[in-house]
Number of protein chains: 2
Amino acid sequence: MRRVSFGSADCPVARALDVIGDWWSLLIVRDAFDGVRRFGAFQKNLGVAKGMLATRLQALVEAGVLELAPASDGSAYSEYVLTAKGRDLFVVVAALRQWGEDHLFAAGEPRSALVDARDGAPVARLEVRAADARPLAFDETRVEKARPAKGA
Amino acid sequence: MRRVSFGSADCPVARALDVIGDWWSLLIVRDAFDGVRRFGAFQKNLGVAKGMLATRLQALVEAGVLELAPASDGSAYSEYVLTAKGRDLFVVVAALRQWGEDHLFAAGEPRSALVDARDGAPVARLEVRAADARPLAFDETRVEKARPAKGA
DNA sequence: AATTTCAGTCTCAAAATAAGACTGGACTTG
DNA sequence: CAAGTCCAGTCTTATTTTGAGACTGAAATT
């Protein structure tokens with residue numbers, strides 16, 4: 001009765017969710033994008049139980065999303081920082097943010113926005129596009145199954 | 001000791017995860033994008049316990065991601081179909097798919113790809129871009145907190 | 001009419017979660 | 001440098017969630 005794992009599924013979405021598909025992981029990653037690095041800072045920001053946090057951080061380190069860096073302010077403590085793999089989750093978090101902004105706030109409710117740090121202008125809307133930049137709806141795409149590696 | 005809820009957090013990411021941030025919801029949505037509509041089809045595809053599935057489907061309907069449609073093939077059963085809100089999750093699923101493809105497959109391992117249905121060409125890479133389409137890294141953006149609604 | 005499929009609900013054991021007490025090393029400060 | 005505080009976890013325990021499957025009743029099939 002172990003919780004099911006999608007780690008070896010064919011579908012990349014399933015594999016991705018296996019790594020960052022739980023209640024807390026993406027919030028940890030979001031905080032990491034905001035510059036949070038220390039255990040205590042995550043804990044305070046998220047209000048998560050320390051045991052949960054410890055487990056999740058370990059899992060994310062093991063998954064290669066975060067890594068334990070030795071210092072940064074000279075102290076002997078270590079810090080959790082995003083790896084390249086973790087930084088690549090930026091689009092995922094941004095997509096979730098966009099969807100949340102679009103659908104999960106009441107009409108007059110104040111909401112935050114992701115903006116270009118240079119000029120403060122909101123970032124462009126995320127969309128799935130064809131190679132020629134034409135926007136594609138979900139029913140204008142399909143999943144091409146497992147193209148067998150030709151060269152290898 | 002109920003599982004924490006992010007439903008009323010300020011952060012759109014947290015709110016989004018409150019709706020679709022559990023182990024199964026996004027896989028259900030992914031299957032819905034693939035055309036799955038019936039309870040039994042979801043159950044068979046995902047291998048999820050029926051109780052889980054029933055709970056999740058109800059939650060997604062309640063959240064307005066799916067809706068219960070009366071028929072489609074004439075039978076008396078009903079079907080779960082994506083609402084507009086649910087269809088807007090396409091980018092999220094696509095972003096997860098891209099990340100999974102990039103980071104969660106071994107070198108020679110065959111993998112699927114999301115392609116333009118028209119010509120079979122892979123869709124463009126998802127990226128966060130500025131208003132002028134310039135790609136933005138995570139540290140070239142910031143979150144502008146809760147701009148208070150001026151008009152209302 | 002009998003059988004099978006569908007779409008769930010119900011039950012139960014195992015696992016995950018939340019909350020916080022506890023531990024030991026780091027840091028401060030007098 | 002000794003006492004007290006902070007940091008980063010681990011451990012414990014009560015509660016909730018999950019996974020697996022038995023069970024139910026309506027719908028479809030034969």
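Within every chain, numbering begins at 1; the chains are lettered A, B, ... in the order of the sequence lines, protein sequences first and strands thereafter.
B/Asp34 contributes no side-chain N or O that, together with a main-chain N or O of B/Val36, makes up a donor-acceptor pair within less than 3.5 Å. No side-chain donor-acceptor contact under 3.5 Å links A/Arg118 to the backbone of B/Glu140. A donor-acceptor pair is defined here as one N or O able to donate and one able to accept, closer than 3.5 Å; such a pair exists between the side chain of B/Arg111 and the backbone of B/Glu101. In this structure a side-chain-to-backbone donor-acceptor pair under 3.5 Å is present from A/Trp99 to B/Lys85. With hydrogens and angles disregarded, no donor-acceptor distance shorter than 3.5 Å links the side chain of A/Glu79 to the backbone of A/Pro70.
Taking for each of A/Ser75 and A/Gly47 the nucleotide of DNA chain C with the nearest heavy atom, the 5'-most of the two is the partner of A/Gly47.
Side chain of A/Met52, nearest nucleotide from D/dG19, C/dA18, C/dC27: C/dA18. Side-chain proximity of A/Arg3 to the nucleotides D/dT18, D/dA27, C/dC27 is greatest for D/dT18.
Using a 4.0 Å cut-off between charged side-chain N and carboxylate O, B/Asp102 and B/Arg125 make a salt bridge.
No contact: B/Val48 has no heavy atom under 4.0 Å from any strand. Among the atoms of the strands shown, none is found under 4.0 Å from any heavy atom of A/Thr55.
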List the atom pairs, donor and acceptor, that lie under 3.5 Å between side-chain atoms in residues 49-66 of chain B and the rest of the protein, sequence neighbours left out.
unit_1, atom_1, unit_2, atom_2, d
B/Thr55, OG1, B/Gly51, O, 2.9
B/Arg56, NE, B/Asp22, OD2, 2.8

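In this structure, B/Asp22 places its CG atom 10 Å from P of D/dG19, rounding to the nearest Å. Put simply, CZ on A/Phe6 is 12 Å from C1' on D/dT18, counting in whole angstrom units. The distance from atom CD of A/Gln43 to atom P of D/dT10 is 13 Å, rounded to the nearest whole Å.
Between B/Trp24 and A/Phe6, the gap from one ring centroid to the other is short of 6.0 Å.
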Under 4.0 Å protein heavy-atom contacts per nucleotide of nucleotides 2-8 of chain C, with B for base, S for backbone only and - for none: ---BSBB
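Annotation: the terminal axes of the helix from C/dA1-D/dT30 to C/dG30-D/dC1 meet at 30°, where each axis is the rotation carrying the C1' atoms of four end pairs onto the next four (5 pairs per end, rounded to 10°).
Within the 4.0 Å cut-off from OP1 or OP2 of D/dT17, not a single side-chain nitrogen or oxygen of B/Trp23 is found.
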Working for side-chain contact (heavy atoms from CB on, under 4.5 Å), residues A/Val128 and B/Arg97: CA-CA 12 Å; A/Val128 176; B/Arg97 175 181 300 277; over 6 Å; no
